[in-house]
Amino acid sequence: MMGHSDQDRVVIFDTTLRDGEQSPGATMSHAEKLEIAGLLDEMGVDIIEAGFPIASDGDFEAVRAIAAQAQTAVICGLARANLNDIDRCWEAVKNARRPRIHTFIGTSPLHRAIPNLNQDEMADRIHETVTHARNLCENVQWSPMDATRTEDDYLCRVVEIAIKAGATTINIPDTVGYTAPRESADLIRMLLEKVPGADEIIFATHCHNDLGMATANSLAAVEAGARQIECTINGLGERAGNTALEEVVMALKVRNDIMPYQTGIDTTKIMNISRRVATVSGFPVQFNKAIVGKNAFAHESGIHQDGMLKNAETFEIMRPEDVGLTETNLVMGKHSGRAALRSKLNDLGFELGDNQLKDVFVRFKALADQKKEVYDEDLIALMQDGTDAESDRLQLKALKVTCGMGLPKVAEMTMTIDGSEHQVEASGDGPVDAAFNAVKALFEHKARLQLYQVNAVTEGTDAQATVTVRLEEDGKIATGQSADVDTVVASTRAYINALNRLLIRRQKSGADRPEVSYKDVS
């Protein structure tokens with residue numbers, strides 16, 4: 001066991017597949033979860049929180065499958081403070097080489113009021129449930145949800161109870177992203193000083209980014225003695241997201257002079273997994289995002305460009321290759337073969353099977369015939385359709401749209417629904433509206449369009465358009481993405497992509513659900 005005295009090692013706990021996937025619209029398929037888990041394991045993540053097993057049968061099966069495939073990482077499942085949750089979690093993770101149960105309960109006055117428990121009643125429940133988890137699994141993590149708004153004395157009391165009951169890791173969540181760095185550090189110091197047995201376990205920090213301080217709060221907690229950081233790829237997560245894995249890992253690497261701590265992360269894999277998570281989650285990375293944004297290593301100012309030409313260190317504190325970034329260059333075209341495409345996609349973080357490559361190669365050739373220049377960004381966008389077409393209930397087969405000044409906007413569409421082809425003609429205020437109306441006519445639904453966003457992938461009039469569509473139906477949100485040189489086609493595919501993801505959420509909601517929404521966790 002590692003205590004807080006091991007000053008040079010910080011454990012990375014990734015919750016992309018749990019907290020990250022709980023982001024409204026970020027649903028991932030079973031196959032996508034397995035893929036991302038494999039990439040996290042290969043990258044060197046210490047603990048992968050694979051999901052919330054009792055939330056649905058789909059979550060349970062995903063966690064169990066990830067547990068079975070994991071090679072090195074500890075595989076963790078989340079459970080509320082009740083015996084049924086914990087038993088279900090153990091069933092999901094028990095076949096992992098290194099399983100962990102993570103159980104939690106909200107300890108702040110606001111959260112104690114939800115189950116209507118007084119301090120003593122909650123303390124008894126914590127003792128009972130942590131003890132039960134430890135009887136099943138040697139590796140138990142406990143979290144007092146909303147710890148940063150819990151009374152100090154009570155927080156010390158329940159942390160001591162959890163340690164005595166057998167918890168080996170105590171996570172201190174800033175559930176609402178309210179804490180400032182000084183407070184984050186002071187809280188960890190207080191617990192280490194006041195709680196008996198605190199020096200025998202690992203303290204963790206789980207920070208949300210509501211005020212933009214998640215990474216700073218996590219690093220402050222580490223300097224105070226925390227030795228596990230909970231984070232997600234690209235900072236994905238509830239509301240404004242979580243501490244971003246790439247930010248804390250690179251901060252520790254770049255500023256090792258003032259933060260002399262080590263992680264086991266292979267940083268050269270950061271860019272690849274960032275792009276893949278963006279693709280499968282439907283949450284594109286903002287251009288100016290630290291470490292992994294498109295502009296993170298871009299320079300336009302004349303002064304900056306001059307300095308970069310003379311010495312890159314004048315304006316870059318890390319090298320692009322440190323995070324696995326390859327320069328955008330023209331190496332692919334209509335004469336490129338499958339082997340070259342496979343190699344290039346591997347460089348960009350996409351490992352494809354033969355059948356997948358066959359499908360992508362056909363789409364790549366079609367793109368190469370339409371564009372004069374094919375860049376890395378074009379290939380990434382090509383992959384951002386991001387769905388397993390064979391398993392999609394809805395598939396676009398053909399689309400013809402007529403529009404113009406003074407002309408009606410009409411879409412003629414052929415769509416496959418559960419294997420059967422259907423055709424329709426619909427009109428609208430514009431070509432995209434007409435296409436969306438055609439989809440609605442063929443597949444009736446009550447989903448409301450929350451977001452429609454179009455971005456050009458590269459420069460030029462032949463640039464691909466990457467379209468993001470977000471739909472909401474009965475409180476469920478799903479995001480779809482697609483890319484094409486034809487904006488209307490990209491828009492329609494993104495819309496259908498989002499509908500397919502909503503259908504997945506419909507299936508999940510048909511299974512047994514938690515008594516309290518599983519989005520209300522640490």
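- Between the side chains of Thr148 and Tyr178, no donor-acceptor pair of N or O atoms lies under 3.5 Å.
- Remark: the Ser143 side chain and the Asn171 side chain contain an N/O donor-acceptor pair separated by less than 3.5 Å.
- With sequence neighbours excluded, the residues satisfying salt bridge (charged side-chain N to carboxylate O under 4.0 Å, His left out) with Asp359 are Arg363.
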Problem - Residue pair Gln141, Thr169: steps toward the side-chain hydrogen bond (donor to acceptor under 3.5 Å, both in side chains) verdict - result: CA-CA 5 Å; Gln141 174 170 319; Thr169 298; 4.7 Å; no
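- Under a 3.5 Å cut-off, the side chain of Asn242 and the backbone N or O of Cys231 do not form any donor-acceptor pair.
- When every heavy atom of Asn500 is checked against every heavy atom of Arg393, the shortest pair comes out as OD1-N, 3.2 Å.
- For the side chain to side chain contact (heavy atoms under 4.5 Å, CB included) test, residues two or more places apart in sequence or in another chain that qualify with Leu110 are Ser108, Arg149.
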Handout entry: side-chain contact (heavy atoms from CB on, under 4.5 Å) evaluation trace for Met43 with Ile265
Key = CA-CA 6 Å; Met43 184 187 196; Ile265 298 296; 3.8 Å; yes
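- With Val323 as the fixed residue, the side-chain contact (heavy atoms from CB on, under 4.5 Å) test singles out one of Met271, Glu246, Lys269: Met271.
- At distances below 3.5 Å, not a single donor-acceptor pair connects side-chain atoms of Asp85 with backbone N or O atoms of Ala79.
- Taken from CD1 in Ile48 to OG1 in Thr16, the straight-line distance is 9.0 Å, to the nearest 0.5 Å.
- Taking OG1 of Thr232 as the reference point, atom CG of Asp19 lies at 7.0 Å (rounded to 0.5 Å).
- Closest heavy-atom contact between Ala198 and Phe203: CB-CE1, 3.6 Å.
- Of all heavy-atom pairs between Leu449 and Val469, the closest is CD1-CG1, 3.6 Å.
- Between the side chains of His132 and Asp87, a donor-acceptor pair is found at a separation under 3.5 Å.
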Exercise for the section: Could you walk me through whether Leu39 and Asn272 pass the side-chain contact (heavy atoms from CB on, under 4.5 Å) test, one step at a time? Expected result: CA-CA 9 Å; Leu39 293 174; Asn272 287 346; over 6 Å; no
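- Looking at Gln71 and Glu42, their side chains never bring a donor and an acceptor atom within 3.5 Å of each other.
- With sequence neighbours excluded, the residues forming a side chain to side chain contact (heavy atoms under 4.5 Å, CB included) with Glu183 are Thr179, Ala180, listed by chain and number.
- Of the candidates His206, His102, Arg18, Glu230 forms a side-chain hydrogen bond (donor to acceptor under 3.5 Å, both in side chains) with just one, namely His206.
- Panel note: side chain Asp41, backbone Thr72; a donor-acceptor pair is recorded below 3.5 Å.
- More than 12 heavy atoms of other shown residues, nucleotides or ligands fall within 6.0 angstrom of atom CZ in Arg239.
- A distance of 7.5 Å separates CD1 of Ile233 from CD1 of Ile270, quoted to the nearest 0.5 Å.
- For Ala65, the side chain to side chain contact (heavy atoms under 4.5 Å, CB included) test picks out His30, Leu34, with sequence neighbours left out.
- Side-chain contact check for Ser23 versus Leu236: some heavy-atom pair is nearer than 4.5 Å.
- No side-chain N or O of Arg493 forms a donor-acceptor pair with one of Asn497 less than 3.5 Å apart.
- Ionic pairing of Arg64 and Glu61 is present here: one or more N-O contacts between side-chain nitrogen and carboxylate oxygen are shorter than 4.0 angstrom.
- Residues satisfying the side chain to side chain contact (heavy atoms under 4.5 Å, CB included) criterion with Val254, sequence neighbours excluded, are Met250, Ile317, Met318.
- To the nearest 0.5 angstrom, Asp8 atom CG is 8.5 Å from Arg227 atom CZ.
- Between the side chain of Glu21 and the backbone N or O of Met28 there is at least one donor-acceptor pair closer than 3.5 Å.
- Side-chain atoms of Arg342 come within 3.5 Å of backbone atoms of Leu352 as a donor-acceptor pair (strictly under, hydrogens ignored).
- Using modelled atom types and a 3.5 Å distance limit, the side chains of Thr103 and Thr129 yield no donor-acceptor pair.
- Looking only at atom types and distance, the side chain of Ser274 has a donor-acceptor partner in the side chain of Asn234 under 3.5 Å away.
- Between the side chain of Asp59 and the backbone N or O of Gly51, no donor-acceptor pair lies under 3.5 Å.
- Side-chain N or O atoms of Thr479 include none that pairs as donor or acceptor with a backbone N or O of Ala26 at under 3.5 Å.
- Residue pairs meeting the salt bridge (charged side-chain N to carboxylate O under 4.0 Å, His left out) criterion with at least one partner in residues 463-473, sequence neighbours excluded, are Arg448-Glu472, Glu473-Arg506.
- Within the 4.5 Å cutoff, side-chain heavy atoms of Val439 are placed close to those of Thr492.
- A donor-acceptor contact shorter than 3.5 Å is absent between the side chain of Arg9 and the backbone of Tyr261.
- Both tests do not hold together for Arg100 against Phe13: distance to the six-membered ring centre under 6.0 Å, angle to the ring axis within 45°.
- At least one side-chain heavy atom of Phe436 sits less than 4.5 Å from a side-chain heavy atom of Ser491.
- Residues Phe52 and Cys89 form no side-chain contact, since every pair of their non-hydrogen atoms from C-beta on lies 4.5 Å or further apart.
- His111 and Thr107 get closest at one heavy-atom pair: CB-N, 4.2 Å.
- Rounded to the nearest 0.5 angstrom, Asn139 CG and Thr168 OG1 are separated by 4.5 Å.
- Taking all atoms of both residues into account, the shortest heavy-atom contact from Ala96 to Ile75 is CB-CB, 4.0 Å.
- Here the side chain of Asn256 pairs no donor or acceptor atom with the backbone of Lys253 at under 3.5 angstrom.
- Residues Thr15 and Glu49 bring a donor and an acceptor atom of their side chains to less than 3.5 Å of each other.
- In summary, Arg319 and Glu316 do not engage in a salt bridge, as defined by a charged side-chain N under 4.0 Å from a carboxylate O.
- For Val454 against Ala465, the heavy-atom pair with the smallest separation is CG1-CB, 4.0 Å.
- A distance-only check finds a donor-acceptor pair linking the side chain of Ser184 to the backbone of Asn217 [under 3.5 Å].
- Counting heavy-atom neighbours within 6.0 Å of Gln453 CD, excluding the residue itself, gives a total above 12.
- In this structure, the separation between CD1 on Ile170 and OG1 on Thr205 is 13.5 Å, given to the nearest 0.5 Å.
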